[in-house]
Amino acid sequence: MSKKILVVDDEQSIVTLLQYNLEQSGYKVITAMNGEDGFQLALEEKPDLVVLDLMLPKLDGMEVCKQLRQKKVMTAILMLTAKDDEFDKVLGLELGADDYMTKPFSPREVVARIKAILRRTQSSNQTDGTQEHDDDVMTIADLKILPDHYEAYFQEEQLELTPKEFELLVYLAKHKGRVLTRDQLLSAVWNYDFAGDTRIVDVHISHLREKIERNTKKPIYIKTIRGLGYKFEEPKLNA
């Protein structure tokens, strides 16, 4: 089944260009020209990914992103912004966007970025209902992570994670006990040039802590290693 992409932009030329190139790449595309319509379509159509312009009539991209996350819609969001827009990419990521691109861009570049984002979440749509093997499950204290099923549980409750948050959690868990620098995490999880802006890592670490730490002021899973980065540990819960 074709992946469904929602494109929300108020410039008809950009919508037409993206729709044509995405459809040529095998995606099903739905479109909206303002934030209110985009928000409703994201709720109703349940797309696999949303391409969301920052500057939109009726409801801007930041607000759409924020409201979708408040509604527990964890669909991947690729934010678009013009180069001369006042846009803080970290603020966008804090509100729940997974990625961003700056206009002008080539359609090929957008398609490649979308493919990269969806590739990371594809396994969640390929589960066949069979019981997972123990090798597929990562259990760390109160955390249970099923990488192949794109699911994570904390104290038996399923976590609502954005694609980037999930990918970061899996990477940290796979490297349990190792000190990982912000640059290492940026390279491994985002794997393309973010101009060394490691604040993006800090934002996502903060989001993860809010979901898996009992006390974010005294984290027991994701420890900050001052001057270096972070280390994921298995806490002794009965200590």
Side-chain angles (χ1 to χ4, degrees), residues 1-118 120-121 160-166 190 192-195 197 199-200 203-204 206-207 210:
M1 180 181 288
S2 298
K3 297 280 188 180
K4 187 189 299 183
I5 310 295
L6 168 60
V7 176
V8 189
D9 199 300
D10 62 338
E11 294 183 55
Q12 184 63 60
S13 59
I14 289 179
V15 172
T16 301
L17 188 66
L18 289 178
Q19 182 170 10
Y20 173 78
N21 283 273
L22 287 167
E23 287 177 345
Q24 289 294 107
S25 297
Y27 295 108
K28 179 181 178 181
V29 180
I30 51 177
T31 65
M33 300 288 290
N34 65 67
E36 285 184 359
D37 290 346
F39 176 72
Q40 288 302 320
L41 282 173
L43 294 178
E44 296 165 7
E45 294 287 337
K46 296 179 172 55
D48 296 286
L49 183 142
V50 180
V51 179
L52 183 63
D53 188 37
L54 175 66
M55 303 300 291
L56 291 168
K58 297 188 179 181
L59 206 63
D60 67 37
M62 288 285 202
E63 191 62 28
V64 173
C65 183
K66 180 181 176 181
Q67 291 189 23
L68 286 174
R69 295 309 188 221
Q70 287 175 344
K71 291 276 189 183
K72 305 298 183 186
V73 176
M74 294 300 152
T75 305
I77 296 175
L78 173 61
M79 190 81 79
L80 301 180
T81 173
K83 277 188 176 177
D84 56 355
D85 284 343
E86 286 295 325
F87 176 66
D88 185 333
K89 57 192 172 187
V90 175
L91 175 60
L93 295 168
E94 284 176 342
L95 292 175
D98 295 280
D99 206 347
Y100 83 100
M101 291 189 70
T102 304
K103 299 177 181 177
F105 47 73
S106 72
R108 185 177 301 176
E109 185 183 5
V110 178
V111 172
R113 187 72 63 85
I114 287 171
K115 284 181 178 178
I117 296 170
L118 291 176
R120 301 184 188 109
T121 60
E160 297 282 356
L161 299 173
T162 67
K164 270 290 179 284
E165 289 168 1
F166 183 82
W190 283 265
Y192 54 84
D193 182 21
F194 250 97
D197 195 340
R199 292 182 303 158
I200 292 165
V203 167
H204 282 75
S206 176
H207 286 177
E210 288 172 4

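When a residue number appears, it is its place in the shown sequence, counting from 1.
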* In sequence, state the C-alpha distance, the side-chain angles, and the governing distance for Met74 and Leu161, and then conclude on side chain to side chain contact (heavy atoms under 4.5 Å, CB included). => CA-CA 7 Å; Met74 294 300 152; Leu161 299 173; over 6 Å; no
Is there a donor-acceptor pair closer than 3.5 Å between any side-chain N or O of [X] and the backbone N or O of [Y]?
X	Y	answer
Arg108	Asn21	no
Lys164	His204	no
Asp60	Leu54	no
Asn34	Asp37	yes
Ser2	Gly26	yes

In Å, rounded to the nearest 0.5 Å, how long is the span from [atom1] of [X] to [atom2] of [Y]?
X	Y	atom1	atom2	answer
Leu41	Lys4	CG	NZ	9.5 Å
Glu36	Glu63	CD	CD	11.0 Å
Leu52	Met62	CG	CE	10.0 Å
Leu49	Thr75	CG	OG1	8.0 Å
Glu160	Glu165	CD	CD	10.5 Å
Cys65	Phe39	SG	CZ	11.0 Å

Minimum heavy-atom separation for [X] to [Y], with atom names?
X	Y	result
Ala32	Leu6	N-CD1, 4.5 Å
Val111	Ser25	CG1-OG, 3.5 Å
Asp98	Pro163	OD1-CD, 3.3 Å

* Taking it one step at a time, do Leu78 and Arg113 satisfy side chain to side chain contact (heavy atoms under 4.5 Å, CB included)? -> CA-CA 9 Å; Leu78 173 61; Arg113 187 72 63 85; 4.3 Å; yes
* CZ/Phe105: more than 12 non-hydrogen atoms of other groups inside 6.0 Å -> yes
* Check the pair Lys28 / Glu45 against salt bridge (charged side-chain N to carboxylate O under 4.0 Å, His left out), numbers first and verdict last. => CA-CA 11 Å; Lys28 179 181 178 181; Glu45 294 287 337; 5.2 Å; no
Quick one: are [X] and [Y] in side-chain contact, heavy atoms under 4.5 Å?
X	Y	answer
Arg69	Thr162	yes
Ile5	Val51	yes
Asp99	Ile117	yes
Asp10	Met55	no
Leu18	Asp9	no

* Can Val7 and Gln19 be said to form a side chain to side chain contact (heavy atoms under 4.5 Å, CB included), step by step? -> CA-CA 8 Å; Val7 176; Gln19 182 170 10; 5.9 Å; no
* So Tyr27 and Ile114, side chain to side chain contact (heavy atoms under 4.5 Å, CB included) or not? Walk me through it. -> CA-CA 10 Å; Tyr27 295 108; Ile114 287 171; 4.2 Å; yes
